[in-house]
Amino acid sequence: MSILLVTSSPRGAASHSTRVATDLAQKLVAADPSNTLVVRDLVANPLPHIDPDYASGIYTPAEARTARQAEVVGVSDAVLDELFAADTVILATGFINFNISSTLKSWVDHVARSGKTFAYGEGGPKGLVSGKKVYIVLASGGIYSEGAAVQMDHAVPYLRSVLGFLGMTDVEVIRVEGVGMGADAVTAALAKATAKVDAIAAANTDQVVAAA
Ligand SMILES: Cc1cc2nc3c(=O)[nH]c(=O)nc-3n(C[C@H](O)[C@H](O)[C@H](O)COP(=O)(O)O)c2cc1C
């Protein structure tokens with residue numbers, strides 16, 4: 001299994017989403033010695049915002065692109081190569097102003113490519129990225145999985161929509177939520193998320209044993 005871990009929290013070493021997602025990635029790798037891990041750290045190496053050269057370049061045949069168009073489309077190509085090579089994708093993000101981090105949004109912008117990851121046909125749009133398991137690890141100061149603030153969660157519905165549009169419909173969410181509500185809430189949120197990580201890792205280990 002090839003695992004792609006994408007981290008994007010602007011909070012550096014303090015990030016809960018990076019910590020929990022990294023824990024998940026490491027436990028999945030440990031489940032089978034043949035598993036591999038690729039890490040794309042969007043904070044250490046942010047992707048450039050898409051711009052006019054990108055928006056025109058992706059619709060220009062490779063041999064006709066300007067040097068700048070080739071450069072910016074090349075960034076997207078590299079990100080897409082990583083995505084297509086992965087069986088399992090782990091997307092880690094903090095809940096920032098009611099949505100995903102802007103660095104992860106840039107990743108989405110480079111991944112959503114007409115003719116590469118989606119296509120329009122007679123039957124409407126079709127996602128071209130199939131067969132992947134996606135885990136979203138989302139850390140938030142408030143609680144958005146239930147209660148009055150559910151409608152303010154623009155992160156999980158957005159990611160489910162865009163990933164589904166691209167063909168990635170097997171999506172599981174791990175929330176580290178309520179971390180803005182005091183030390184006890186942080187401890188409880190991390191314990192709940194870690195229990196979920198351990199259950200996922202155990203299920204993957206069972207699959208490896210069953211397949212052996
Ligand atoms: C700039 C900024 C904006 C934030 N906006 C929200 C928000 O809209 N709602 C919320 O519940 N928490 C918000 N938070 C709190 C984060 O969701 C929380 O710190 C979370 O742990 C961030 O994820 P991380 O730990 O992976 O960095 C914000 C934090 C920062 C730094």
Side-chain angles (χ1 to χ4, degrees), residues 3-31 37-50 79 82-83 86 88-112 132-164 166 168 170-201 204:
I3 301 161
L4 171 63
L5 168 64
V6 180
T7 58
S8 69
S9 164
R11 296 193 325 114
S15 166
H16 299 302
S17 64
T18 299
R19 181 172 151 194
V20 170
T22 302
D23 186 32
L24 173 61
Q26 288 173 345
K27 284 174 176 163
L28 289 178
V29 168
L37 174 64
V38 170
V39 180
R40 180 163 280 271
D41 181 341
L42 295 173
V43 177
N45 298 296
L47 298 171
H49 281 298
I50 56 172
V79 172
E82 276 176 7
L83 176 62
T88 297
V89 180
I90 305 172
L91 301 178
T93 181
F95 193 77
I96 304 297
N97 298 319
F98 304 102
N99 212 318
I100 62 173
S101 63
S102 57
T103 49
L104 185 59
K105 175 59 166 59
S106 260
W107 182 86
V108 171
D109 288 341
H110 283 85
V111 156
K132 309 218 181 286
K133 175 79 192 187
V134 181
Y135 297 101
I136 297 169
V137 180
L138 174 73
S140 58
I143 290 178
Y144 299 89
S145 63
E146 58 184 17
V150 164
Q151 71 217 30
M152 298 173 83
D153 177 5
H154 302 288
V156 171
Y158 168 69
L159 282 175
R160 281 193 186 280
S161 292
V162 72
L163 292 171
L166 302 179
M168 291 173 274
D170 187 358
V171 177
E172 197 167 336
V173 179
I174 301 167
R175 289 183 186 262
V176 192
E177 61 178 347
V179 297
M181 298 174 175
D184 289 349
V186 172
T187 303
L190 284 173
K192 195 173 171 188
T194 302
K196 197 159 182 181
V197 164
D198 288 344
I200 293 165
N204 274 267

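Whatever order the structure lists ligands and atoms in, that order sets their numbers, starting from 1.
- At distances below 3.5 Å, not a single donor-acceptor pair connects side-chain atoms of Thr103 with backbone N or O atoms of Val43.
- For ligand 1, residues of the protein lying within 4.0 angstrom by heavy-atom distance are Ser9, Arg11, Ser15, His16, Ser17, Gly94, Phe95, Ile96, Asn97, Phe98, Ala139, Ser140, Gly141, Gly142, Tyr144, Val179.
- Among residues at least two apart or in separate chains, salt bridge (charged side-chain N to carboxylate O under 4.0 Å, His left out) pairs with a member in residues 172-193 are Lys133-Glu172, Asp153-Arg175.
- Summarising the local packing, NE2 of His49 is surrounded by 12 or fewer heavy atoms from other residues, nucleotides or ligands at distances under 6.0 Å.
- To the nearest 0.5 Å, atom CG of residue Leu190 and atom OG1 of residue Thr187 are 7.0 Å apart.
- Among pairs with a residue in residues 90-111, those fulfilling salt bridge (charged side-chain N to carboxylate O under 4.0 Å, His left out) read Lys105-Asp109, at least two apart in sequence or across chains.
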Please tabulate, for side-chain N and O atoms in residues 16-25, each donor-acceptor pair with protein atoms closer than 3.5 Å (sequence neighbours left out).
| residue | atom | partner | partner atom | Å |
| --- | --- | --- | --- | --- |
| Ser17 | OG | Ser15 | OG | 3.2 |
| Thr18 | OG1 | Ser15 | OG | 3.0 |
| Thr22 | OG1 | Thr18 | O | 2.6 |
| Asp23 | OD1 | Lys27 | NZ | 3.2 |
| Asp23 | OD2 | Lys27 | NZ | 3.1 |

